[in-house]
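Report on one structure; see the data block that follows.
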Amino acid sequence: MSEFRLYNTLTRRVEPFAPVDGSTVRMYACGPTVYNPAHLGNFRTFLFEDLMRRTFALYGWDVLQVMNLTDVDDKIIRKAAANGQTITQVTEPFTELFHQDRRYLRIQDAEVYPKATEHIPEMIALVETLVANGTAYVADDGSVYFAIDRFADYGKLSQLDKREVRAGARVAQDEYAKENAQDFALWKSAKGEDEASGAAWDSPWGRGRPGWHLECSAMAMKYLGETFDLHAGGIDLIFPHHEDEIAQSEAATGKTFARCWCHGEFLLTDGAKMAKRVGNVATVVDLREQGIDGAVYRHFIFNAHYRKQLNLGEDSLEQSQAAVRRIGTFARRLAEATGGTAALADAAKRAEDAFRAALFDDLNAPEGLAALFTFITEGNRELDAGGGDVAALAEARRVFGVIDGVLDLVPAADNTDGELAAWVEERLGARRDARARRDFAAADAIRAEIVARGIALEDTANGTKWRVG
RNA sequence: GGCGCCGUAGCCAAGUGGUAAGGCCCGGGACUGCAAAUCCUGUAUUCGUCGGUUCGAUUCCGACCGGCGCCUCCA
């Protein structure tokens with residue numbers, strides 16, 4: 001089997017990747033901050049991580065994936081304060097929505113979804129370690145900061161040494177409390193609104209709450225160990241979030257935190273980064289309301305490499321819809337066929353080899369998709385040819401299953417209500433009679449009637465088939 | 001200002017130092033009563049522009065033009 005290769009942000013190169021224990025990939029993926037619906041840009045990253053875990057499984061590895069749910073942070077507290085709610089009241093509905101959305105996009109369950117608020121003791125323990133070993137210091141107000149100049153490797157992920165900080169760019173409002181403007185908060189002393197919204201806990205430094213980066217370090221190490229295989233997230237998290245995670249984790253343990261770092265590029269909308277602040281966000285709910293299958297969005301995302309920016313344009317989803325329809329048609333033909341040809345099995349074999357090679361080479365999904373479509377064209381040709389080779393058909397089905405087990409692009413079966421189905425069947429009967437007496441004008445009128453309701457017809461040797469769309 | 005990415009057919013998008021995957025759309029043909037689905041077939045002598053290296057560059061180097069991102073909360 002070909003070697004698995006991944007781009008590692010730490011080295012800025014594509015390099016061989018394998019779990020350190022040889023069998024289970026331990027990966028941590030930064031999850032959503034649950035104070036708003038996650039948008040399609042966020043889901044591009046989650047889809048990239050879904051592709052990643054499924055590809056690891058295809059390679060034969062087990063996967064232990066942890067995705068955190070950030071349920072305490074400035075924005076959540078601000079929203080809670082504005083609504084006179086607790087942070088839990090703010091985060092619960094959005095946590096539920098997140099899971100609904102990810103299921104709609106067929107994103108597989110991670111093994112663990114830890115919440116920040118349920119790991120306060122672990123976070124405090126981590127801060128205590130850092131204070132004890134001198135890399136963190138307590139400010140007068142009870143906040144605790146990490147001193148970046150006491151961690152020699154600070155900046156290795158984002159290659160800070162190659163940058164110049166823009167003059168006047170960083171003026172944090174609580175800078176007065178820090179020894180160095182770039183030190184970051186591990187623990188923030190509680191303010192009035194923190195207490196009011198339930199976002200304050202007892203600590204050795206008084207009432208307070210965790211800094212943003214802390215939860216990921218504490219929870220990753222709790223569930224995956226002090227050193228684990230892979231840490232993934234959006235490219236914007238490289239700095240400062242991931243840089244700070246490395247600092248606080250490695251300063252505490254003296255060990256490598258994540259062995260490999262992977263970052264997915266942004267989704268743009270009409271040329272600009274999709275972001276709440278820009279106001280150009282679209283959500284999974286929008287997709288649902290437009291009747292766009294999750295498979296369509298998956299196709300759109302996987303049609304571009306994860307390390308390239310991707311623009312969601314006017315007809316992007318329409319193109320993907322057509323592509324996915326073709327995949328669905330092939331899946332149906334494969335399921336309904338009764339036999340194949342030797343050439344069908346050959347095509348399947350080539351497709352599987354090409355698909356694996358593409359995905360194991362830094363998750364090249366576009367190339368994997370090309371292998372799938374080549375298989376579909378060749379497979380359709382053989383299916384047209386007929387053939388009674390049952391083993392060949394079984395092989396083709398198996399390979400299709402392998403590929404779709406990773407991409408998951410077959411549109412959902414129509415969940416037509418019984419009433420509509422009965423109506424279609426009745427009309428189809430009338431059309432059949434009309435065709436039998438060669439009254440094609442009447443038959444076509446009935447077809448137009450059915451098509452007008454969004455049903456597609458297909459006359460085959462075994463009668464007329466129909467489906468929504 | 002610093003760091004980085006990108007610019008491939010009408011659209012989306014892979015890719016390689018030796019001559020351009022795949023999808024969508026479109027044209028022609030087969031099949032069909034007509035369609036649909038499917039198949040066959042045709043669409044980039046060319047990969048932003050200008051130079052350089054090379055026997056040979058879209059692929060390497062440089063400059064330029066254009067787009068995007070990060071440096072601050074951020075997938």
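Here is the naming used below: chain letters follow the sequence lines, and residue numbers restart at 1 for every chain.
Ring pair A:H99/A:Y113 is perpendicular by interplanar angle, where above 60° counts as perpendicular and below 30° as parallel. Ring geometry for A:F228 versus A:Y28: interplanar angle of 30 to 60°, hence tilted.
A sub-4.0 Å separation between OP1 or OP2 of B:rG69 and a side-chain N or O of A:K308 is absent. Phosphate proximity of B:rC40 to A:R381: present, with a side-chain N or O under 4.0 Å from OP1 or OP2. Taking side-chain N and O atoms only, A:N380 has a distance below 4.0 Å to OP1 or OP2 of B:rC39. Distances shorter than 4.0 Å separate some side-chain N or O of A:N364 from OP1 or OP2 on B:rG15.
For B:rC50 and B:rG7, the C1' atoms lie 16 Å apart once the distance is rounded to whole Å. When the C1' atom is used for both B:rU53 and B:rG62, the distance is 11 Å, rounded to whole Å. Separating the P atom of B:rC25 from that of B:rC39 is a span of 13 Å, rounded to the nearest Å. A distance of about 16 Å separates the P atoms of B:rC64 and B:rG4, rounded to the whole Å. The gap from the C1' atom of B:rC71 to that of B:rU8 amounts to 31 Å, rounded to the nearest Å. For B:rA14 and B:rG23, the C1' atoms lie 11 Å apart once the distance is rounded to whole Å. For the C1' atoms, the distance linking B:rU54 with B:rC60 amounts to 10 Å, nearest Å. A distance of about 15 Å separates the P atoms of B:rA57 and B:rG48, rounded to the whole Å.
Under a 3.5 Å cut-off, the side chain of A:T377 and the backbone N or O of A:F373 do form a donor-acceptor pair. Between the side chain of A:N8 and the main chain of A:W261, a donor-acceptor pair closer than 3.5 Å is present.
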Q: Report the C-alpha separation of A:T117 and A:D71 in whole Å, then their side-chain angles, then the decisive distance to 0.1 Å, and conclude whether the side-chain hydrogen bond (donor to acceptor under 3.5 Å, both in side chains) test is met.
A: CA-CA 6 Å; A:T117 53; A:D71 61 352; 2.5 Å; yes
Q. Going through the checks in order, is the salt bridge (Lys or Arg N to Asp or Glu O under 4.0 Å) test met by A:R44 and A:E49?
A. CA-CA 9 Å; A:R44 182 186 185 191; A:E49 290 152 355; over 6 Å; no
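When each of A:Q309 and A:T33 is assigned the nucleotide of RNA chain B bearing its nearest heavy atom, the one mapping closer to the 5' terminus is A:Q309.
When the nucleotides B:rC39, B:rC12, B:rC73 are ranked by their closest atom to the side chain of A:D384, B:rC39 comes out on top. Out of B:rC68, B:rG15, B:rU38, the shortest distance to the side chain of A:L268 is found at B:rC68.
Among the heavy atoms of the strands lying under 4.0 Å from A:G271 are primed sugar atoms or P, OP1, OP2 only; no base atom is included. No engagement by A:T460 is indicated, since no non-hydrogen atom pair under 4.0 Å with the nucleic acid exists. As judged by a 4.0 angstrom heavy-atom cut-off over every strand, A:H263 is placed among residues making no nucleic acid contact. Within 4.0 Å of A:G264, counting heavy atoms only, lies no atom of the nucleic acid at all. In this structure, A:L267 reaches the bases: a heavy-atom distance under 4.0 Å links it to at least one base atom across the strands shown. Residue A:S316 is out of contact with every strand shown, counting any heavy-atom pair closer than 4.0 Å.
Separating the CD1 atom of A:I107 from the C1' atom of B:rA75 is a distance of 11 Å, rounded to the nearest angstrom. Following rounding to the nearest Å, A:F355 (CZ) and B:rG23 (P) show an atom-to-atom distance of 16 Å. Rounding to whole angstrom units, CG of residue A:L312 and P of B:rA13 are separated by 11 Å. Following rounding to the nearest Å, A:N36 (CG) and B:rA75 (P) show an atom-to-atom distance of 11 Å. Rounded to whole angstrom, the span from the OH atom of A:Y154 across to the C1' atom of B:rC71 amounts to 12 Å. Atom pair A:R350:CZ and B:rA21:C1' shows a separation of 15 Å (rounding to whole Å applied). Atom NZ in A:K79 sits roughly 15 Å away from atom C1' in B:rC73 (whole-Å rounding). Rounded to an integer number of Å, the gap from A:K75 NZ to B:rU72 C1' is 11 Å.
The side chain to side chain contact (heavy atoms under 4.5 Å, CB included) with A:H231 is formed by just one residue from the set A:C260, A:C30, A:C262; it is A:C30.
By the 6.0 Å and 45° rule, A:R307 stacks over the aromatic ring of A:Y7. With A:W466 as the aromatic partner, A:R447 does not meet the cation-pi criteria of under 6.0 angstrom to the ring centre and within 45 degrees of the ring axis.
Under the Watson-Crick and G-U wobble criteria, each requiring two contacts below 3.5 Å, nucleotide B:rG1 is paired to B:rC71. Look at B:rG66: its Watson-Crick or wobble partner, with both distances under 3.5 angstrom, is B:rC6. For B:rU38, the paired base is B:rA30 (Watson-Crick or G-U wobble, both distances below 3.5 Å). B:rU43: no Watson-Crick or G-U partner with both key distances under 3.5 Å is found in any strand.
Note: A:L428 CG to A:I450 CD1 = 5.0 Å, rounded to the nearest 0.5 Å. How far CG of A:N311 is from NZ of A:K273: 15.0 Å, rounded to the nearest 0.5 Å.
Near-neighbour residues of RNA chain B inside residues 273-281 of chain A, defined by a heavy atom below 4.0 Å, number-ordered: A:K273, A:M274, A:R277.
Among residue pairs with one or both ends in residues 266-286 of chain A, none qualify as ring-ring contact (aromatic ring centres under 6.0 Å, His included); sequence neighbours excluded.
By the side-chain hydrogen bond (donor to acceptor under 3.5 Å, both in side chains) test, A:N280 is found to be paired with no residue, residues two or more places apart in sequence or in another chain being considered. Listed by chain and number, the residues in a salt bridge (charged side-chain N to carboxylate O under 4.0 Å, His left out) with A:D149 amount to none (sequence neighbours excluded).
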Within the sub-3.5 Å range, which N or O atoms of nucleotides 24-29 of chain B have a protein N or O partner, and how far apart are they?
none

Short N/O separations, protein against nucleotides 32-34 of chain B, under 3.5 angstrom:
residue	atom	partner	partner atom	Å
B:rG33	N7	A:R435	NH2	3.4
B:rG33	O6	A:R435	NE	3.0
B:rG33	N1	A:D444	OD1	3.0
B:rG33	N2	A:D444	OD1	3.3
B:rG33	N2	A:D444	OD2	2.6
B:rC34	O2	A:R447	NH1	3.3
B:rC34	O2	A:R447	NH2	2.4
B:rC34	N3	A:R447	NH1	2.9
B:rC34	N4	A:D459	OD2	3.0

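More than 12 non-hydrogen atoms from other residues, nucleotides or ligands lie less than 6.0 angstrom from NZ of A:K156.
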